[in-house]
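Labels below follow one simple rule: chain letters A, B, ... track the order of the sequence lines, proteins then strands, and each chain is numbered from 1.
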Amino acid sequence: MQDNLIIYNTLSRTKEKFTPIIPGRVGLYVCGPTVYSDVHLGNCRTFISFDLIYRYLLFLGFKVRYVRNITDAGHLEGDRDEGDDKFAKKAKLEQLEPMEIVQKYTVGFHDVMRAVNALPPSIEPTATGHICEQIEMIKIIIEKGYAYVKNGTVYFDVEKYNKEFLYGQLTNRKLDELLEGTRELSGQDEKNGRLDFALWIAAKPETLMKWPSPWGYGFPGWHIECSAMSSKYLGEAFDIHGGGMDLQATHHTNEIAQSQACNHKAPVNYWMHTNMLTMNGVRMAKSAGNGFTPGELFSGDHPLLDKGYSPMAVRFFMMQTHYRSTLDFSNEALQASEKGFARLMASIKRLDNLKTSSTSTSNIKELEQDCINAMNDDFNSPILIAKLFECSRIINSVNDEKETITADDLVILKKLMHDFAFDVMGLKSEISNSSSDKALQGVMEVILEIRKDVKAKKDFAASDKLRDYLNKIKITIKDTKDGATWSIQE
RNA sequence: GGUCCUGUGGCCGAGUGGCUAGGCUGAGCUCUGCAAAAGCUCCUACUGCGGUUCGAAUCCGCACGGGACCUCCA
């Protein structure tokens, strides 16, 4: 069952058979958010994509150690390797301690992840919690000759590294090409090479977040945290490293360089990159003014949104596109997903009331295999969803007594729908069980009972009046041959 | 400018060289007191021009369009 998984590896730019280092176990590292502001929808897409991947690995029976970091220090605003980091800047703006910024947005991030039903990672390490590990790693890189110190700042020597290793392998680029695209060093720059990047950055008097180090007070560069934390928890070489495609060229390239310089071995076997989320064809970003927060998306409180969309509709919407394709956001597309999701959930609810027969008109086992094949092929959730809709059609047809299913097949079908819709795709029915909802259920039962009575007396004016009144307060009544059902309109 | 991805029916979105994904929308039918739901049927596409092939949405070339990265970014 674990032998047929195919993963697209950025390193080779091809789909490869997945073979873990230790059979039955997977080490998975994903670059998490930098918590200096609200996560936006694009960030969420990456984490939802990897949640699907994590869930499917678990479904296949792998023991997965899933590490996703929180960047809470050392992420600079520009490429100058100087000045304040993003947290300090925001802290000054909001007149808070940098760690208050970190706390505020970490909590917000977790709230959103919970709303979209993303499983928490096994370990969620922070950069500030691993300063020692980062310093140790930098020391080794210096000892091995791939870094140099200038006025308390430590730089990684890319050209030196490239003589022994391939620096641009993740983007299939040669060093000369990279150098061409880089701007000239300015007079103030203390780096030796244009591509060199900081491992440790010397603190200035006004720097808020700083730690002692062999090179004086300072803070870590952005890339070193991932190298230090991934090797600490997953080993010097591990199975899968993921992140957004925008991290590929710089962050991940530098991560490989650091780890390789330190340990002299390739840190990761499979690199996975998720594609961007766009709004009307343009990448969603705060600077473009076309972004909104998940909270705004759920409430609909934003000029670009026609209405609010439930977290599960959003999750379903994202799963309808493969993780390596760009996903274009629009109200129309999201509303289509919302309806499709409701239809899928409605059919799953019908599963419990299906009548079985001595024969099946559909090949359920084949469908089950189709679902597995879809996910084995580089986590192809759009095809999986197409197959689940096929299951929906079968369920509805059996429910209408136009098709039949055996008791054995029904067991398989139930398991299939629950496994893939809930466990693998992480969807969940959005009906809550709060006490007020239970009271509402009771009231509705009474109303439907009364309506049933007047309908029996053919008093359709009265029954329609009940239905119309309920419809005005967004409750829909449907008469089926097994009695009436009700639901709340979104 | 460089590296790379991409162009599918009204919309979204899969796609292994041949056996018409799927969802949403629209039309018709069945069911139904009506409505809704559900099912069935229909709308059968692949940017353009060449090439390879018995056969291409799928491979190759060119053109045009869109996007990403090369600067912080999931």
Between [X] and [N], does any side-chain N or O lie under 4.0 Å from OP1 or OP2?
{"X": "A:Asn399", "N": "B:G39", "answer": "no"}
{"X": "A:Arg343", "N": "B:G23", "answer": "yes"}
{"X": "A:Ser325", "N": "B:A14", "answer": "yes"}

Once you apply the 3.5 Å cut-off to both distances, tell me the Watson-Crick or G-U wobble partner of [N], or none.
{"N": "B:C64", "result": "B:G7"}
{"N": "B:G18", "result": "B:C54"}
{"N": "B:G1", "result": "B:C70"}
{"N": "B:A38", "result": "B:U30"}

Closest-nucleotide ordering on RNA chain B, the 5'-leading residue of A:Lys478 and A:Lys339: A:Lys339
Upstream residue (5' side of RNA chain B) when A:Thr171 and A:Arg45 are each assigned their closest nucleotide: A:Thr171
Taking atom [atom1] in both [N] and [M], compute the distance separating them and give it to the nearest angstrom.
{"N": "B:C60", "M": "B:U52", "atom1": "P", "value": "15 Å"}
{"N": "B:A45", "M": "B:U20", "atom1": "P", "value": "14 Å"}
{"N": "B:A57", "M": "B:G9", "atom1": "P", "value": "14 Å"}
{"N": "B:G55", "M": "B:A63", "atom1": "C1'", "value": "26 Å"}
{"N": "B:C46", "M": "B:G17", "atom1": "C1'", "value": "14 Å"}
{"N": "B:A14", "M": "B:U58", "atom1": "C1'", "value": "13 Å"}
{"N": "B:G1", "M": "B:C19", "atom1": "C1'", "value": "47 Å"}

If I take atom [atom1] in residue [X] and atom [atom2] in nucleotide [N], what distance separates them, rounded to the nearest angstrom?
{"X": "A:Asp370", "N": "B:G22", "atom1": "CG", "atom2": "C1'", "value": "13 Å"}
{"X": "A:Tyr469", "N": "B:A35", "atom1": "OH", "atom2": "C1'", "value": "18 Å"}
{"X": "A:Leu175", "N": "B:C70", "atom1": "CG", "atom2": "P", "value": "16 Å"}
{"X": "A:Asp306", "N": "B:C11", "atom1": "CG", "atom2": "C1'", "value": "14 Å"}
{"X": "A:Met276", "N": "B:U6", "atom1": "CE", "atom2": "P", "value": "15 Å"}
{"X": "A:Asn275", "N": "B:C12", "atom1": "CG", "atom2": "C1'", "value": "16 Å"}
{"X": "A:Asn43", "N": "B:C72", "atom1": "CG", "atom2": "P", "value": "17 Å"}
{"X": "A:Asn331", "N": "B:C12", "atom1": "CG", "atom2": "P", "value": "13 Å"}

Nearest to the side chain of [X], which nucleotide is it out of [options]?
{"X": "A:Thr250", "options": "B:C70, B:G33, B:G39", "value": "B:C70"}
{"X": "A:Pro382", "options": "B:G15, B:G39, B:A21", "value": "B:A21"}
{"X": "A:Ala336", "options": "B:C24, B:G33, B:A14", "value": "B:C24"}
{"X": "A:Lys402", "options": "B:A14, B:U30, B:C69", "value": "B:U30"}
{"X": "A:Arg467", "options": "B:C34, B:A14, B:C70", "value": "B:C34"}
{"X": "A:Leu327", "options": "B:G13, B:G33, B:A38", "value": "B:G13"}
{"X": "A:Ala333", "options": "B:C11, B:A74, B:C12", "value": "B:C12"}
{"X": "A:Ala249", "options": "B:C69, B:A38, B:A36", "value": "B:C69"}
{"X": "A:Arg393", "options": "B:C70, B:G39, B:G33", "value": "B:G39"}
{"X": "A:Arg451", "options": "B:G33, B:G39, B:A74", "value": "B:G33"}

Hey, does [X] reach any base, or is it just sugar-phosphate, or nothing, if we go heavy atoms under 4.0 Å?
{"X": "A:His322", "result": "sugar-phosphate"}
{"X": "A:Ile477", "result": "base"}
{"X": "A:Leu344", "result": "nothing"}
{"X": "A:Asn396", "result": "sugar-phosphate"}
{"X": "A:Lys455", "result": "base"}
{"X": "A:Gly243", "result": "sugar-phosphate"}
{"X": "A:Asn380", "result": "sugar-phosphate"}
{"X": "A:Thr274", "result": "nothing"}
{"X": "A:Arg13", "result": "nothing"}

Minimum-distance pair of heavy atoms, taken over all atoms of A:Tyr29 and A:Ser230: CD1-CB, 3.6 Å
Heavy-atom closest pair, residues A:Leu11 and A:Val268: CD1-O, 3.9 Å
Charged tip of A:Arg324 within 45° of A:Tyr8 ring normal and under 6.0 Å: yes
Donor/acceptor link under 3.5 angstrom from A:Asp400 side chain onto base of B:C31: no
A:Thr274 and A:Met245, any side-chain heavy atoms less than 4.5 Å apart: no
Neighbour count >12 (heavy atoms, 6.0 Å) for atom CZ, A:Phe460: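 Yes.
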Option passing side-chain contact (heavy atoms from CB on, under 4.5 Å) with A:Val102 (candidates A:Val107, A:Asp72, A:Thr34, A:Thr128):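 Among A:Val107, A:Asp72, A:Thr34, A:Thr128, the one that satisfies the side-chain contact (heavy atoms from CB on, under 4.5 Å) with A:Val102 is A:Asp72.
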Pair A:His130 and A:Tyr233, ring centroids less than 6.0 Å apart: yes
A:Tyr66-A:Phe50 aromatic ring centre distance below 6.0 Å: no
Pi stacking test for A:Phe389 and B:G22: under 5.5 Å apart, planes under 30°: no
Donor-acceptor under 3.5 Å (A:Asn117 side chain, A:Gly426 main chain):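 Yes; at least one donor-acceptor contact below 3.5 Å.
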